[in-house]
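Okay, structure first, notes after.
Owing to the predicted nature of the structure, the values given are computational and were not obtained by experimental measurement. The first residue in the sequence is number 1, and the count goes up from there.
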Amino acid sequence: MRKVDLCLSSEGAEVILATSSDEKHPPENMIDGNPETFWTTTGMFPQEFIICFHKHVKIEKLVIRSYFVRTLRIEKSASNEPVDFEQWIERDLVHTEGQLQNEEIMAHDGHATYLRFIITSAFDHFAAVYSISAEGTAVSNPS
């Protein structure tokens, strides 16, 4: 099986929930494949979003491109519905003045149908996520 970016909307991924939305910077921007677009929070933390793959996947590497994100927690679910999330990864990101944060995470036990990303704190009142990339393979369609 070939590895693909499972988080691209062109691969079938969908943002099914986001706790904030700005019409100029909607959550779908994180998975559209365009490096110039982004989703922005609207203040107050935590903020979260859920990505649905519409299939069971095995993730080997995550890359998060963001701005002003301080602490990020990632939970996963292998259920057919967005329930029963378990904590998977938690990271404190480095503040990068004037440039995007580029966080690469090698994933272990990356079987999921849904990922929930929770920005628990930020370096400013607002944070932005430019892209979420999940390198891996589709395992099967949900039953």
Is [Y] close to [X] at the side-chain level, that is, under 4.5 Å between some pair of heavy atoms?
| X | Y | value |
| --- | --- | --- |
| E75 | E86 | no |
| Y130 | T37 | no |
| R65 | P35 | yes |
| K76 | D109 | yes |

May I ask you to check whether [X] and [Y] show a side-chain donor-acceptor distance below 3.5 Å?
| X | Y | answer |
| --- | --- | --- |
| S9 | D32 | no |
| H56 | T113 | yes |
| Q47 | T19 | yes |
| S20 | T41 | no |
| S133 | D5 | yes |

Does H95, at its NE2 atom, have more than 12 non-hydrogen atoms belonging to other residues, nucleotides or ligands within less than 6.0 Å? yes
Distance (rounded to the nearest 0.5 Å) between [X] [atom1] and [Y] [atom2]:
| X | Y | atom1 | atom2 | result |
| --- | --- | --- | --- | --- |
| D92 | S121 | CG | OG | 7.0 Å |
| S140 | H111 | OG | NE2 | 10.0 Å |
| R70 | F45 | CZ | CZ | 10.0 Å |
| L8 | I132 | CG | CD1 | 11.5 Å |

Starting from the C-alpha separation in whole Å, work towards a yes-or-no answer on side-chain contact (heavy atoms from CB on, under 4.5 Å) for L72 and F117. CA-CA 7 Å; L72 177 67; F117 294 80; 4.3 Å; yes
Linking I/L/V/M/F/W/Y whenever any side-chain heavy atoms sit under 4.5 Å apart, do [X] and [Y] land together?
| X | Y | value |
| --- | --- | --- |
| L6 | V139 | no |
| I59 | V129 | yes |
| L115 | V4 | yes |
| I51 | W88 | yes |
| W39 | F126 | no |

Tell me the closest heavy-atom pair linking [X] and [Y], and the distance in Å.
| X | Y | answer |
| --- | --- | --- |
| L93 | F123 | O-CZ, 3.4 Å |
| R116 | E48 | CD-OE2, 3.1 Å |
| K55 | A138 | CD-CB, 3.8 Å |
| I50 | Y114 | CG2-CD2, 4.1 Å |
| S79 | S77 | N-OG, 3.2 Å |
| K61 | V63 | CE-CG2, 4.1 Å |

For residues 21-31, please give each side-chain donor-acceptor pair under 3.5 Å, one per line with the distance, not counting sequence neighbours.
residue: D22; atom: OD1; partner: K24; partner atom: N; Å: 2.7
residue: D22; atom: OD1; partner: H25; partner atom: N; Å: 3.4
residue: N29; atom: ND2; partner: F38; partner atom: O; Å: 2.9

Derivation and outcome, side-chain contact (heavy atoms from CB on, under 4.5 Å), residues E60 and K3: CA-CA 9 Å; E60 297 175 15; K3 293 179 191 173; 2.9 Å; yes
Contacts table for residues 101-108: side-chain donor-acceptor under 3.5 angstrom, sequence neighbours left out:
residue: Q101; atom: OE1; partner: S66; partner atom: OG; Å: 2.9
residue: Q101; atom: OE1; partner: Y67; partner atom: N; Å: 3.4
residue: Q101; atom: OE1; partner: F68; partner atom: N; Å: 3.3
residue: Q101; atom: OE1; partner: V69; partner atom: N; Å: 3.1
residue: Q101; atom: NE2; partner: V69; partner atom: O; Å: 2.7
residue: Q101; atom: NE2; partner: V94; partner atom: O; Å: 3.1
residue: E103; atom: OE2; partner: R91; partner atom: NH1; Å: 3.1

